[in-house]
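In what follows, chains are A, B, ... by sequence order, proteins preceding strands, each numbered from 1. None of these values were measured; they are calculated from a predicted model.
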2 protein chains.
Amino acid sequence: MTGGSLDFPRPLTTVDVVIFTVKDDALHVLLVQRPAAGDEPFPGAWALPGGFVDIEKDKDLEACAMRKLKDKTGVVSPYLEQLGSWGSAGRDPRGWSATHAYFALLPATTGAGTHAADAQWFPIVAGKVKPRLAFDHGEILEAAVLRLRSKVEYTSLPAYLMPGEFTLPDLQRAYEIVLDRPLEKSAFRTRILAADLIEPVARMRKGPNRPAQLYRLKKAKAPVYFVRTFNPPG
Amino acid sequence: MTGGSLDFPRPLTTVDVVIFTVKDDALHVLLVQRPAAGDEPFPGAWALPGGFVDIEKDKDLEACAMRKLKDKTGVVSPYLEQLGSWGSAGRDPRGWSATHAYFALLPATTGAGTHAADAQWFPIVAGKVKPRLAFDHGEILEAAVLRLRSKVEYTSLPAYLMPGEFTLPDLQRAYEIVLDRPLEKSAFRTRILAADLIEPVARMRKGPNRPAQLYRLKKAKAPVYFVRTFNPPG
DNA sequence: TGAATAGTGTCTTTCAGACAGTATTGG
DNA sequence: CCAATACTGTCTGAAAGACACTATTCA
């Protein structure tokens, strides 16, 4: 950090958030549509929610990510993890820019997506989303999906995709949707219960068949790391 | 990314690199001393090698990290991984700033550290380094050590700390130094050899005792991920 | 020969995979 | 009863942990 003067051009600094949820038996990501008018780049294209760091409002990068998340979803304390940063001369036509990317996991039950008029959930198919995204957001989304998949192999992250009360088969389905492959029931149950992650509540989920025990996340539970991955494909 | 004008204050953008090696039976990190004179913050303090992104010279963040690494060590193609970013109003007295942090692994045999006059290797003790570092570099270093330790549990990263030819006990020692605990010999050998990561060369290391087979990394070998961690502590 | 380190073999433990079998609901 | 889903149990296999054992060098 040598070089006395600060009088040189600075890159643009942005924060983008990849917001995931699981609904309708698929992993979904929340995208926003860029304005079609004005002199904005990528008019009308879909993009990750995000934007410039506001050095007046944002005390740090995470607060900035939280602010953008809340703007689009109304959700205030989701699971939020830094994903990485992307910066280069060409990624934004307005000049050298660097974005700090985060990813968030939300239960589908939050009304998120109906909260901002320009935001909409898109299903993720084969690790991607249908529309071509603005900037390098397609690349960032792919990285987020990879990170999520690889962490789901050995962590309890899908617990953050669940509503307040859920059954073990519900949670297993969330794992299977993210990983896009079936998991073995008894090994799954053993592992989750041994992790001391969830606790039963005094209710059952009723249905046209045998009722299932409802659980909830234990209070203030940080993600659990398992020492083995699930049956690695191949 | 809405908001037409770009006419607002931009954060400072820097890149810092946590450069690790293993030597003298300890994990070491390369630090540089900040100038004592001038109007620079933290005069005379030790800091991670790094500095401002130069939008003329650096085509992207990784190229910027590579440049800083080469400036201080002369090494051109080490293992380099993005660690994360730290940005806030207060971390740099010159104003709102964000740094993109990388970490690199180097074999001790590169003359690195003798390359730049202001750079010096410091041993890491209990996850930290003796001097109090400039900016939030102490925090970044701690995160880097944590990341390195946790990845060494289930990857072949320490292979990048080895010279061109090395023995299995050498490699095991590198694992043990990073993890700061002994590993079981036969399980270690089984695992590494099964990973198809290294190949024997037609030479042995001689010593005052039984000679050991020398190996080298297989060409262009990406890090290997194991499906289990090593004997997890606790 | 003995010290020192390299390398192998053997037994046990752990935990996932496979899959069968039991449990509990509604129709 | 049957269909459907929840849940449990039992066997097997893969890989690590523990640790004893053999191998090869130099002094």
Side-chain angles (χ1 to χ4, degrees), chain A residues 25 150 152-156 158 162 165-177 179 181-216 224-234, chain B residues 25 150 152-156 158 162 165-177 179 181-216 224-234:
Chain A
D25 272 312
S150 80
V152 166
E153 292 282 356
Y154 60 92
T155 68
S156 62
M162 307 308 292
E165 297 188 353
F166 55 90
T167 69
L168 277 175
D170 289 344
L171 182 58
Q172 183 172 350
R173 231 158 275 138
Y175 271 86
E176 291 173 337
I177 288 166
L179 294 178
R181 71 170 193 271
L183 295 180
E184 216 287 319
K185 187 167 43 169
S186 74
F188 180 83
R189 300 176 69 92
T190 309
R191 186 151 154 163
I192 298 296
L193 292 174
D196 190 40
L197 174 75
I198 59 178
E199 57 193 1
V201 299
R203 291 203 310 125
M204 307 289 278
R205 155 135 340 139
K206 304 272 195 155
N209 41 35
R210 177 170 171 178
Q213 177 65 53
L214 281 164
Y215 293 85
R216 67 169 168 233
V224 171
Y225 288 71
F226 307 115
V227 298
R228 298 194 198 176
T229 63
F230 283 106
N231 174 26
Chain B
D25 273 309
S150 80
V152 165
E153 292 283 356
Y154 61 92
T155 69
S156 63
M162 307 310 290
E165 297 188 353
F166 55 90
T167 69
L168 276 175
D170 288 345
L171 182 58
Q172 183 173 350
R173 231 158 276 137
Y175 271 86
E176 292 174 338
I177 287 166
L179 294 177
R181 71 171 192 272
L183 297 179
E184 216 287 318
K185 189 168 42 166
S186 74
F188 180 82
R189 299 175 69 94
T190 309
R191 186 150 154 162
I192 298 295
L193 291 174
D196 190 41
L197 173 75
I198 58 178
E199 56 193 2
V201 299
R203 291 204 310 124
M204 308 288 278
R205 155 136 337 139
K206 304 274 192 151
N209 42 39
R210 176 170 173 177
Q213 177 66 53
L214 281 164
Y215 293 85
R216 66 169 171 234
V224 170
Y225 288 71
F226 306 115
V227 298
R228 299 195 198 174
T229 64
F230 284 104
N231 173 28

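With rounding to whole Å, A:Arg181 atom CZ is found 12 Å from C:dA16 atom C1'. Nucleotide D:dA6 holds its P atom 14 Å from the CZ atom of A:Phe166, rounded to whole Å. A straight line from CZ of B:Phe188 to C1' of C:dG7 spans 14 Å, rounded to a whole angstrom. Remark: P of C:dG7 and CD of B:Gln172 are 11 Å apart, rounded to the nearest angstrom. The distance from atom CG of B:Leu214 to atom C1' of D:dT25 is 15 Å, rounded to the nearest whole Å.
For residues 191-213 of chain B, the set of pairs meeting the ring-ring contact (aromatic ring centres under 6.0 Å, His included) definition, not counting sequence neighbours, is empty. Residue pairs meeting the ring-ring contact (aromatic ring centres under 6.0 Å, His included) criterion with at least one partner in residues 186-207 of chain B, sequence neighbours excluded, are B:Tyr175-B:Phe188.
Listed nucleotides C:dG7, D:dC19, C:dA18 differ in distance to A:Glu184; the shortest reach to its side chain belongs to C:dA18. Comparing C:dT25, D:dG17, D:dC7 by their closest approach to the side chain of A:Arg189 singles out D:dC7.
Nearer the 5' end of DNA chain D, as judged by each residue's closest nucleotide, is the contact made by B:Thr190, out of B:Thr190 and B:Lys185.
Every residue meeting the salt bridge (Lys or Arg N to Asp or Glu O under 4.0 Å) condition with A:Arg205, not counting sequence neighbours, appears here in chain and number order: A:Asp170.
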Query - side chain to side chain contact (heavy atoms under 4.5 Å, CB included) evaluation trace for A:Tyr215 with A:Leu168 - result: CA-CA 8 Å; A:Tyr215 293 85; A:Leu168 277 175; 3.7 Å; yes

Requested in this report: Assess whether side chain to side chain contact (heavy atoms under 4.5 Å, CB included) is satisfied between B:Gln213 and B:Thr167, documenting all intermediate values.
Outcome: CA-CA 6 Å; B:Gln213 177 66 53; B:Thr167 69; over 6 Å; no

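Annotation: cation-pi pair A:Arg216/A:Phe166 absent, no NZ/CZ under 6.0 Å from the ring centroid and within 45° of its normal.
Contact check for A:Leu214 versus A:Pro200: no side-chain heavy atoms found under the 4.5 Å cut-off.
Side-chain atoms of A:Ser156 come within 3.5 Å of backbone atoms of A:Val224 as a donor-acceptor pair (strictly under, hydrogens ignored). Between the side chain of B:Glu176 and the backbone N or O of B:Leu183 there is at least one donor-acceptor pair closer than 3.5 Å.
Look at A:Glu153 and A:Arg191 and you find no salt bridge, because none of the NZ, NE, NH1 or NH2 atoms lies under 4.0 Å from a carboxylate O. A salt bridge between B:Arg203 and B:Glu165 is present, with a side-chain N of the basic residue lying under 4.0 Å from a carboxylate O of the acidic one.
Residues of residues 193-205 of chain B that place a heavy atom closer than 4.0 Å to DNA chain C do not occur.
Nucleic acid contact for A:Lys206: none, since no nucleic acid atom lies under 4.0 Å from a heavy atom of the residue.
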Write out a two-atom table: protein N or O, nucleotide N or O from nucleotides 10-15 of chain D, distance below 3.5 Å.
unit_1, atom_1, unit_2, atom_2, d
D:dA15, O4', B:Arg228, NH2, 3.2

Under 3.5 Å between N/O atoms: give me all the protein pairs with nucleotides 3-5 of chain D, atom names plus distance.
unit_1, atom_1, unit_2, atom_2, d
D:dT5, O4', A:Asn209, ND2, 2.9

